[in-house]
Amino acid sequence: MPRPSPAEGAPVARSPAVPPRGGRAARPRPGAPGEPPAHAVVIGGSMAGLLAARVLADHVAQVTVVERDELPDGADARRGVPHGRQLHVLLARGRQSIGALFPGWDEDLLAAGAVRLQVPGDVQMVTPVGSIDRRAAGFEALSASRPLIEATVRRRLCALPGVTLVDGTQVTALRAGDGGVVGVVTRDRDGTETEVDADLVVDASGRGSRAAAWLTELGYGTPRSTLIDPQLGYATRSYRVPEGRTADWQAAMVMAQPPSTRIGGYLYPVEGGRWMLALMGTGCDQPPTDDAGFTAFARRLPHPVIAEAIAAAEPLGPAVAHRGTTNRRWEFHRMRRWPERFVVLGDAVCAFNPVYGQGITTAALGAETLAECLRDQRRRLPDGRLDGLAARFQRRLAWRNVLPWTVSTNQDTRFPLAGGARPGVVARLRYGFLDSVLAAATRDPAVADVDVRVYGMLDRPTALLRPHVLAAAARTAVADRRPR
């Protein structure tokens, strides 16, 4: 059955697992010297896997994405993305990256109902020291639910020649040989096992990845990992946006600032004329999901903007809770030996507390890194061999993940209940500096512009060291210490 183009709006066609009765899948004939690899298998059909498959489609003759879930035809939540019903924020850097991989994707998302937002002009960003100055230029964002973002990307990917998506099928093992990985073993919904040959295997199966166990089983050793658990929990509920509202903002954020402020809330418009409200708290003070408890929690936020907004809005169902907010990083790049033709990316390598909205953008950066490595490999070995690619990719990806990991864990270690490393003197000095920058951003649009661009991952945190930002932060720190 041919796959429809994104504009046709028909369900995405999915190919059945091959061969239908188990055994070994036929391997595409290897290309002649100088031709690209014949077949790549991507484990996982979530955002990281879809974006990786898009990159591979430019470098590999055939790409097969194997997804454990039975995928919905439309923009519906699914079991394999446990936080799919929660509010998601697509950061500006992620939007750029996805748009480069799928030209015109922005228009697809907008046509499906995504909402344009100017950040911070359309977003009331309330901090414990005031609201971010909305006169800042900032950037344009698109707000949509996670299922819609994923569905539009999946549809565009499945329209490409040479890409096959197999759902309802689980990869149960790696197949080793020739100094590395030569394929996978899959099990379909009927329990039929199949050996699939591949020139490259990409694990993008998320937090539930078995990569560490597979590496141990194949004799490569057990990778180290780092865990930081802020013991945060959050819950999301949808509301119908009231007709005729006159507020001068489209989205609102009441930010937590540990250790003093440990609860927060985020209210964003999404497709279908809806608001999605996510409330968060730590330890024993996490948002309940019953109607009265959820509403009461919103009223406890340190600013009333969100509670006042939903007081006039119709709920569109119950609140849904999520508690998986642990940050985890696997140190694959430090392993003494690494199998050829096997790479790991996305949450399978580095998973963040979803509260900070970095997941999709970091997955996109991982796909960019894979593209860079594949281009470099072609220059290094024009004969199409992939020797050395996998280990080189894991090292580059680790470097790319430093920034989002630092942003997430630096904030999370400020929560008193966080597990993992405790902040030292240098970290506490950094917190003080960032607090001064945040305060300056509530009074100076130039500082606010830098601050929100760092938040959107358009600029690196080093942008906060620009002279005018440092000067404004110093003035703010001095002013805040004066007797009142």
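Using modelled atom types and a 3.5 Å distance limit, the side chains of T164 and T64 yield no donor-acceptor pair. There is no side-chain donor-acceptor pair under 3.5 Å between Q170 and T186. No donor-acceptor contact under 3.5 angstrom links the side chains of R396 and T369, judged on distance only. With hydrogens and angles left out, the side-chain atoms of W275 and S238 include no donor and acceptor closer than 3.5 Å. Counting only N and O atoms by type, the side chains of T282 and Q231 include no donor and acceptor under 3.5 Å apart. Judged by distance alone, the side chains of T406 and R430 never bring a donor and an acceptor atom under 3.5 Å apart.
The heavy-atom pair separating G281 from I263 by the smallest distance is CA-CG2, 4.1 Å. Residues A57 and V163 come closest through the heavy atom pair CB-CG2, 4.0 Å. Nearest heavy-atom pair across G366 and L345 is O-CD2, 4.3 Å. The minimum heavy-atom distance linking F294 with P288 is given by the pair CD1-O, 3.5 Å. In terms of heavy-atom proximity, R245 sits nearest to Q250 at NH1-CA, 4.5 Å. Here the closest non-hydrogen pair linking A136 and P445 is CB-O, 3.3 Å.
Residues T476 and V447 fail the side-chain proximity criterion, which asks for heavy atoms closer than 4.5 Å. With a 4.5 Å cut-off on side-chain heavy atoms, V344 and F393 do not count as touching. Side-chain contact between T325 and P354 is present, with heavy atoms from C-beta onward closer than 4.5 Å. For the pair M255/V126, no side-chain contact is recorded, criterion being any heavy-atom separation below 4.5 Å from C-beta on. For the pair R328 and C350, the minimum side-chain heavy-atom distance is 4.5 Å or more. Under the 4.5 Å side-chain criterion, counting only non-hydrogen atoms from C-beta, V153 is in contact with W105. Within the 4.5 Å cutoff, the side chain of F102 has no heavy atoms near those of the T152 side chain. By the 4.5 Å heavy-atom criterion applied to side chains, V452 and P120 are counted as neighbours.
Listed for the R146 side chain is no donor-acceptor partner under 3.5 Å among the backbone atoms of L87. Distance alone, capped at 3.5 Å, is enough to place a donor-acceptor pair between the D449 side chain and the G138 backbone. For Q86 (side chain) and V320 (main-chain N/O), a donor-acceptor pair under 3.5 Å exists by modelled atom type. A donor-acceptor pair under 3.5 Å is absent between the side-chain atoms of H303 and the main chain of L301, judged by distance alone. Between the side chain of R156 and the backbone N or O of P103, at least one donor-acceptor pair lies under 3.5 Å. Side-chain atoms of Q118 come within 3.5 Å of backbone N or O of A137 as a donor-acceptor pair. Counting only distance, with no hydrogens or angles, the side chain of T442 and the backbone of A439 share a donor-acceptor pair below 3.5 Å. Under the 3.5 Å distance criterion, the side-chain polar atoms of T361 are left unmatched by any main-chain donor or acceptor of G357. In terms of modelled atom types and a separation under 3.5 Å, the side chain of N327 and the main chain of T409 share no donor-acceptor contact. In this structure a side-chain-to-backbone donor-acceptor pair under 3.5 Å is present from S436 to G432.
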Next item on the list: Walk me through it: do F433 and L438 pass the test side chain to side chain contact (heavy atoms under 4.5 Å, CB included)?
Entry: CA-CA 9 Å; F433 167 69; L438 188 64; over 6 Å; no

Notebook entry, point to check: Going through the distances and angles, do Q394 and V343 end up as a side chain to side chain contact (heavy atoms under 4.5 Å, CB included)?
Noted result: CA-CA 7 Å; Q394 297 303 151; V343 302; 3.6 Å; yes

Next item on the list: Applying side-chain hydrogen bond (donor to acceptor under 3.5 Å, both in side chains), run through T169 and E67 and close with a yes or a no.
Entry: CA-CA 6 Å; T169 301; E67 168 54 45; over 6 Å; no

Margin query: Walk me through whether E368 and R93 qualify under salt bridge (Lys or Arg N to Asp or Glu O under 4.0 Å).
Written below: CA-CA 12 Å; E368 286 184 4; R93 182 64 177 83; 2.9 Å; yes

Next item on the list: Go through the steps for R329 and S408 under the test side-chain hydrogen bond (donor to acceptor under 3.5 Å, both in side chains), then give the verdict.
Entry: CA-CA 12 Å; R329 176 173 60 180; S408 182; over 6 Å; no

Next item on the list: Go through the steps for D122 and R134 under the test salt bridge (Lys or Arg N to Asp or Glu O under 4.0 Å), then give the verdict.
Entry: CA-CA 8 Å; D122 293 329; R134 290 166 61 190; 5.6 Å; no

Item checked: Pair V65-V166, side chain to side chain contact (heavy atoms under 4.5 Å, CB included): steps then yes or no -> CA-CA 6 Å; V65 181; V166 181; over 6 Å; no

Notebook entry, point to check: After noting the C-alpha distance and the side-chain angles of L157 and R154, does the key distance pass the side chain to side chain contact (heavy atoms under 4.5 Å, CB included) rule?
Noted result: CA-CA 5 Å; L157 176 71; R154 184 167 65 236; 5.7 Å; no

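Using a 4.0 Å cut-off between charged nitrogen and carboxylate oxygen, D106 and R95 count as a salt-bridge pair. One finds no salt bridge joining R299 and E308 here, because no Lys/Arg side-chain nitrogen approaches an Asp/Glu carboxylate oxygen to under 4.0 Å.
Rounded to the nearest 0.5 angstrom, M280 CE and D285 CG are separated by 10.0 Å. Here OG1 of T236 is found 8.0 Å from CG of L279. Values are rounded to the nearest 0.5 Å. Here the CZ-OG1 distance, from R68 to T172, works out to 12.5 Å after rounding to the nearest 0.5 Å. Here the CG atom belonging to L90 is positioned 11.0 Å from the CG atom belonging to L117, to the nearest 0.5 angstrom. With rounding to the nearest 0.5 angstrom, the CG atom of L142 is 12.0 Å from the CG atom of L91. From R323, atom CZ reaches atom CG of D229 across 12.0 Å, with rounding to the nearest 0.5 Å.
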Donor-acceptor pairs under 3.5 angstrom involving side-chain atoms of residues 455-465: please list them, not counting sequence neighbours.
unit_1 : atom_1 : unit_2 : atom_2 : d
D459   : OD2    : R453   : NE     : 3.0

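Taking D203 as the reference, S205, S209 meet the side-chain hydrogen bond (donor to acceptor under 3.5 Å, both in side chains) condition, with sequence neighbours excluded. In this structure, the side-chain hydrogen bond (donor to acceptor under 3.5 Å, both in side chains) partners of R135, at least two apart in sequence or on a different chain, are D133.
Annotation: R240, atom CZ; neighbour count of heavy atoms from other residues, nucleotides and ligands within 6.0 Å does not exceed 12.
The aromatic rings of W214 and F342 sit perpendicular to each other, their planes meeting at more than 60°, with 30° as the lower class boundary.
A cation-pi arrangement is absent between R334 and W330, since the terminal nitrogen or guanidinium carbon is not both under 6.0 Å from the aromatic centre and inside a 45° cone about the axis.
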